[in-house]
Structure formats: structure tokens, C-alpha cells
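Quick note: numbers below take in every heavy atom, side chains included, and nothing from hydrogens, waters or symmetry partners. Within every chain, numbering begins at 1; the chains are lettered A, B, ... in the order of the sequence lines, protein sequences first and strands thereafter.
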Protein chains: 2
Amino acid sequence: MNEMRPIRAKSGTNQEGASAHNRRVMIDALRLNGQLSRADLARATALTKQAVSNIIEELENDGLVTSLAAVRRGRGQPSTPYRLVPEGAFAIGLQIDRHVTRTVAVDLVGTVLTRKETNLPAGGPEKGAEAVLALIEETRRALVKAAPKSKDRLVGLGVAMPGPFGIAADQDDPWMMAAWQSFPLVETLSTGTALDVRLQNDAAAAATAEKMVGAAHGLDHALCIYLGYGLGAGLILNGELYRGANGNAGEIGMILSRPRGGADDARAPLEHRTSIASLCKALDLDPADPDLYDHIDAKARMPDQRVKAWIADAAFELQAAVQILETVFDPQTVILCGGMPPGLADLLLDALHPLLPSIAERRGRSAPRLQLGFTDPWAVAIGAAAEPISRTFDPRFSAILKTRVTAAP
Amino acid sequence: MNEMRPIRAKSGTNQEGASAHNRRVMIDALRLNGQLSRADLARATALTKQAVSNIIEELENDGLVTSLAAVRRGRGQPSTPYRLVPEGAFAIGLQIDRHVTRTVAVDLVGTVLTRKETNLPAGGPEKGAEAVLALIEETRRALVKAAPKSKDRLVGLGVAMPGPFGIAADQDDPWMMAAWQSFPLVETLSTGTALDVRLQNDAAAAATAEKMVGAAHGLDHALCIYLGYGLGAGLILNGELYRGANGNAGEIGMILSRPRGGADDARAPLEHRTSIASLCKALDLDPADPDLYDHIDAKARMPDQRVKAWIADAAFELQAAVQILETVFDPQTVILCGGMPPGLADLLLDALHPLLPSIAERRGRSAPRLQLGFTDPWAVAIGAAAEPISRTFDPRFSAILKTRVTAAP
DNA sequence: TTATTAAGTCAATTGTCTTGACTAATTTCT
DNA sequence: AGAAATTAGTCAAGACAATTGACTTAATAA
């Protein structure tokens, strides 16, 4: 009788949605400002003192916030500040990369409590999935040992791996990332761990880390360029990570552009020239070498001609990338991060200046156009762990709505 | 006593915020689906039948929706569909461009009711502001004549002009756009018209038009490349127009890239090669000529060598721009629009194919990677007029919050 | 004719924020 | 020293909007 076309509509909300949002706003405000009194919170959130009082009391009962000693702030009754309780929530992060697999556990404020690293057995996900589950189990045990409360307060498992997802990928990748990308990893880990599992690409995870405990803390519009084995960008727009229609937003390593000295139509992916993979190629390093980081570190400390040439090339491309991202997104700042030795990062940042002119050159900037973020190789795993915390506690549109709008990775 | 640092926090919400959101969700659903019954709406929005009934009754009393004849849909009581009432709201759009100033008035569903065009007196905003106010007044009168209800139902004035805003601009622009860009236009128009005035750049306006009545209707992730006198992009992300930290997001005409055949470091703004301005330059046309459109139309119908060369050049650059945007945003589709004769648009679209490979090439795409949007020169003015409608009636995060978070243009 | 299904209403309930009056603690003014 | 002003925070009642569950109405299917 009826054609049964699907009805397209956004979800509605109710008082509980509003309440959930307000709880998140309180937590966000405490995270951003360190400590605030109930009156501070009322002013900052435009809610009434009474509403704030009720919510704070609830959060205190839930073990998410705690009061500090009263402070006198001039005239009037002294205020009682509140702060987040780190042990209020925990999450585990998993990074699957080509040469290494890492897990970390973090608490509500982003402190790292455990970290583990392993090399997956060759053979892709069919064999590797089991090892990954074992690693997570081990991490969980270590976390419970370090923080017994975590047993009931684990909010989820965040997974980060190189993107893009859902695309016919390079088949000539010896680390079988393509196999991992098409493997039903989220489902496998969900059933294997009974945790809420979400997947993002490594650049997005790096951006999540920068947002929670790094240079993007408190910024609503920030872009993280992540220089790892590949090249990507994590996009923080309107205070939330932007994923795009298919979870592949920010894969700037796949921008096609002309190499220096190439012909007009000789277009190649940016990450062929600007990534740790390209550095390894340029320096004849073995990317699978467990001591790769130290080798690169040594090279960066005493750069020879080949290192200098790679840096010049990479900086040339990154200048363009930064200018493009600034022009397209109009962000407050761009953050350069990646799993590389600090020496290399400094050389690269240096070589990027002066930056190309862009609309980001405006009077009264508060943040620098480009700054260095985490270069810690663990940043991606930390960001992966930060995602469940962010999803559970940060204010976001989808958290208000009745049926959670989940974007497929 | 106290250091008085500002407290950073997001705004809270309450039942009224939730209610406002639900109203918007209903209107959005009716806009997207044409007509829906209360039961349909309840299912689609995850609200209860009763809640929907109350909201719909209220919207009907407010003159925003109306019921249609009951329809039998198989077993069960027939349902009563509702649809939007076009006369429920009106808005005026103003486009200030280099050579021409246009106003249009639209209703709730985006139908254009009046359109006016004028040439501003030379001398920039000091002299032009008065003429603009007069034009708006004239439009308002014409609108009231065409739709008497509009007198009490005018929700705002949307203004579109070329960006970027707040940047030290080209001073050698004979049309004094720089002067307009630094002129306090919003304030002047606000006081002069007593309307709610908001400013956006022309590409954003074009995207707003595409979203309300064009190719982006119902899409949550779409990019509109706007080829006008300059070159820009309007970004629809998560169903909302993205403005960036300073309202300049999408100014892709200012991407610096190497011209075909140029040296590696010979970087120039994209719009120097890809814009109607560059076309005029290439064809020795006078951009201020009131018959410019017809001249270009004639050229496009019988393209000579110079036209072909320009198209090849522009398409070469646009291919790269589309690939960059797809890679960075991972949208559902990219829409090419602009104020140009359809013949030229077709030639351009043709020359853009085959598109460069990108992550947008995935199985099961529902929308084409690139499609043609409005080429109507009035699209920007229509988009400007659609902005107040969208701001007033579309679901958006900021509409739920207590203190409206307004981004400065 | 009867059962089933679906749309939509009625009336009471619930959850959450708001309102306005209040208490408490501190500094500033006289 | 005492009074006034200011600020933090609580108490209790009220308002608002969605929910709940029973009900009515109207159609098709058996």
C-alpha cells in the first residue's frame, strides 16, 4: 500500500537530554578552568545557581567532581571550588600501526596510567586480532592494579589506526594495513572486550589528545597536522572532532600535488614526499626496524645532506599544506604533531618559517599560526584513549538528542 | 583581590531550549520530506506522539504548518499529513558585489517573491550605504504588496558580499570592496532597518541557497565551490554552514599554488587563474559592463581559442581544488555553482572530467562526486535571504543553548 | 462480523530548571 | 565597633515540556 520511503529527520530531545548536556557542560568547564565554584559555574553556563548546585551535588555523588577548601575572594561569602576527580572515569586506547601496536589507559583528566607495546604477529588481522585482545586484557589488568576504581569506571575503548577507511587500498603494503582496514575490528573488539569501541584514524586521535591535554586544549577551531608513517590532519571544528561523511576527513596525505621540479600534470600524493615513510626511503632506513626512532634521532642531531634535502622538501610541501588548511578552515591555530624525535620536529618547524601568507595573518591573533604539538610516539594511543572520555563527558550536539546519531567510521 | 580571568565554558540549556529544538526539528523534517503526519513525525524524531501533537498544534497556531486532507495508508486510522506554510515567514537577502547590488525576498520554503537590482554610486560605503538602505526599503514595500502577511513575519536580513573579512585587503580594487569589507555594515543596516542582520561571504550564501532549495537539500556534508568574480567555497558540515574562527572559512580563492608552467616557488592565489575576474582579463572584457553576462554567454556558445584556453586552465586548477576539498572534508558531494551562463558552466564541468582520483571514489556512492548547482546570478542573493530563515528555523546546536553563541563574521 | 492495526487524544505523572525568599560569611564604609 | 553591602549558597514552591498508559476513532484483513 505504502511506498515506505524512509523519513529523513533529525532527532528531538527532552528534559533528560538537556540535563545530560548540562552535566557535560559542567565537566567541560571544570576541565578547562581547573577549578570553579558553583557560583562561577552558574555565571559561566547561564544556568541558575540552584540548577548548578543540583548538578554538582549529583556529580559529586557520582565521584566525578570534588570540593576543595573554601577560598575568600574579596567581599562576600567565601566560595567552595570544585575540580574533576581523575579517578572518576578511565578509558583504554589502542593504536595499531604498521610496525607496532600500543595500548594506554588514561583517567578522566587524561593522565596516562599504563602503557604497553608489542609487535603483532605477521599475517594481518586474522592472526593479529587475538594478540590485540590479549594486549587489551593485559592493559586492563594493569589498570585495575594501578587504579582499583577503574574496574567499574571504564567508559570505553578507543582505537586508532592509519586511514583511510572503506577505500580500495594499496595492496602492496607489506604491513597489511589494508587488511586491517577492511577487517571488522570494531565488532571483534566489542564482543571480545564487552566495551564500547570506536575507531578513528591516527591523525584524528592525535587531535583528540591535543584537545584534551595538549596545544588545542580549550580551542574550538584547531587543526592538527600529524606526520607519522603517513600524513593526516585531525580537524577540531566548533569544539568537536570532524569526521566527514565517511570518517575520512583530514586525510591530507592523499592530496595530489605536483612534486618540486615535476611536470605540471605529474601529481602525486603529498605523503609520498612528506611522511616518515618518505624519510625512511630518502635515508635508506628500514621502517620496520625497532630502533628506527633512535636512528632518526641521531640523523636529526647531525643532519647530513640527505636529511637536509628531505627536510627542505617536506617543509616546502607542508608550507603549502598549512596555507591550504588555514585558507579552507580559518582556524585559531595549526598544530604540527607526529611520532618523531623532537630534534627532527624542531628542524621541520624551523624550515617551515616564514609561513606562506594567508588569511590567518590578522591583527590581534592570540595563538601562533603554527605551533608544535606532541611529538611523543605515544600521542596517538593517548588520543585513542581520550576519545571515549570525550565522547562520554564532553558537550556535543549528538549527546543532547534522543537517538544517538552515530557516524560510521 | 581577584585576578578576574574570564571563565571559559559552554552554555547550559533547559526545557525551553529542548522545546525550541524540537520545533525546529519538526520544521526541518517537513521541509525535507514535504509532508508528514504526526505519527510519522513521532517516529522520525524519536519523540512521543503526544509531544509531537502539542508541537504541531502550536506550529499550526503560529501559522507555520497546515494540515492536508487525510490519507488512507493501509490498515488503521487514516493519517493527517502536515506541510509547511510558505507564508509562515519571510526574509530579505542583500548581495553587495563589485558591479551590482541585488535584493530578494523569500518565504519559508525559499520561494522568491521579489527581486531588485541596482548599481551603487561610486565612492564606496560612505555614499553607498544610503542607497542600500533605500533598496531594502523598496524591497520591503514590494514584499508587503506581494504578501501582506510578511509585514509581521519578516525574520531578518541576510547580507552576502565577497570576503574575506577582517583582513588587510587588496587596496587596488577599483570597486572598493575593501572599503565595504571594513565598513560597519551590519550595524548600519541593523539600525537602519530594525531587522536582525547577519553577514556572510558570497560562497557561503551560495551554499545556503543550495542547502535550502538546491543540490545540497537534505545533505549533511556538502561543499559548494562558488565561481564568481572571485573564487570561494561554502562548507556544509554536519548539516550546518561552517564559518571558521573568523567567518572566513572556505576562501579557497586565496589558496596559493603554482600556476601551470610556473617555477616551483611561483605561488599565486588560485582565483587569479580561476574566477570570472580572470576570465575577463583573459578575454579583455570589462567586468563593470552591465552586459557582461551576455557577452560571456556569447563567448561560451562559440568558444574561441582564448575561451578554450581559459577553460582548460580553470579546469586544471579546479580539478585540484575539488580533489583537495574531497580529501580534506570527505563530503557526500561537491557542487559547482556561480554566477555564470549555463553554457560556460557546462563547458567547465565537462573540462573537469575525468576528476582526479580521491578518497571520494568509493563503492555505493549515492550522490555524484561533482555536480552542477545554481548558475543563476541571483543565487547568492537568494542564499543571503535564506540565511535568516535557516537561522530561525533549522535545528542547530547553538539554538538549544541559553546564551546564543554568535560567531562574529 | 470480528479481529487487528494504526492515528491520534485525554489526563495524570515525572523530571528538570526557575523563581523568590532566605541564611551565612566576608569586606567596606561610617 | 557596628552597620551596610556584597557574594555564595540553600530551601521550597512553581512552571514547563515531555512521558505514560488508557482510551477513542477509523481503517483493512480474516
Hey, does the side chain of B:Arg38 come within less than 4.0 Å of C:dT9's phosphate (OP1/OP2), counting only N and O?
yes
Quick check on C:dG8: is either OP1 or OP2 less than 4.0 Å from any side-chain nitrogen or oxygen of B:Ser37?
yes
N/O (side chain, A:Ser79) to phosphate O (OP1/OP2, D:dG9) under 4.0 Å:
no
Minimum side-chain heavy-atom gap A:Leu195-A:Leu189 below 4.5 Å:
no
From CG of B:Asn14 over to P of D:dA18, roughly how many Å is that when rounded to an integer?
12 Å
Is the side chain of B:Arg365 donor-acceptor paired with the backbone N or O of B:Gln332 at a distance under 3.5 Å, no angle test?
yes
Can you sort out the partners of B:Glu387 under salt bridge (Lys or Arg N to Asp or Glu O under 4.0 Å), two or more places apart, ordered by chain and number?
B:Arg391
Separation of D:dG14 C1' from B:Gln15 CD (nearest whole Å):
12 Å
So, OP1 or OP2 of C:dC17: does either fall under 4.0 Å of a side-chain N or O from A:Asn22?
yes
Less than 4.0 angstrom between a side-chain N/O of A:Thr80 and OP1 or OP2 of D:dA8, yes or no?
no
Flag the pair B:Ile236 / B:Glu210 as yes when at least one side-chain heavy-atom distance between them is below 4.5 Å, and no otherwise.
no
Is there a side-chain contact between B:Asp62 and B:Arg23, using heavy atoms and a 4.5 Å cut-off?
yes
What's the CZ-C1' distance between B:Arg72 and C:dT5, to the nearest Å?
16 Å
By nearest-nucleotide position on DNA chain D, the 5'-leaning member of A:Thr13 and A:Pro78 is A:Pro78
Salt bridge check, A:Arg43 against A:Asp40: does any charged N sit closer than 4.0 Å to a carboxylate O?
yes
Nearest to the side chain of A:Lys402, which nucleotide is it out of C:dT18, C:dG8, D:dT19?
D:dT19
Could you check how far CZ of A:Arg73 sits from C1' of D:dA8, rounded to whole Å?
10 Å
What are the two closest heavy atoms between B:Arg83 and B:Leu68, and how far apart are they?
NE-CD2, 3.6 Å
What is the distance, to the nearest angstrom, from the CD atom on A:Glu16 to the C1' atom on C:dT14?
9 Å
How would you label the contact of B:Arg43 with the nucleic acid (heavy atoms, under 4.0 Å): base, sugar-phosphate, or nothing?
sugar-phosphate
Taking 4.0 Å as the cut-off, does a side-chain nitrogen or oxygen of A:Arg75 come that near to OP1 or OP2 on D:dA8?
no
Which residues in residues 47-70 of chain A have a heavy atom closer than 4.0 Å to any atom of DNA chain D?
A:Lys49, A:Gln50, A:Ser53
Measure CD/B:Gln77 against C1'/D:dA26 and give the value in whole Å, please.
5 Å
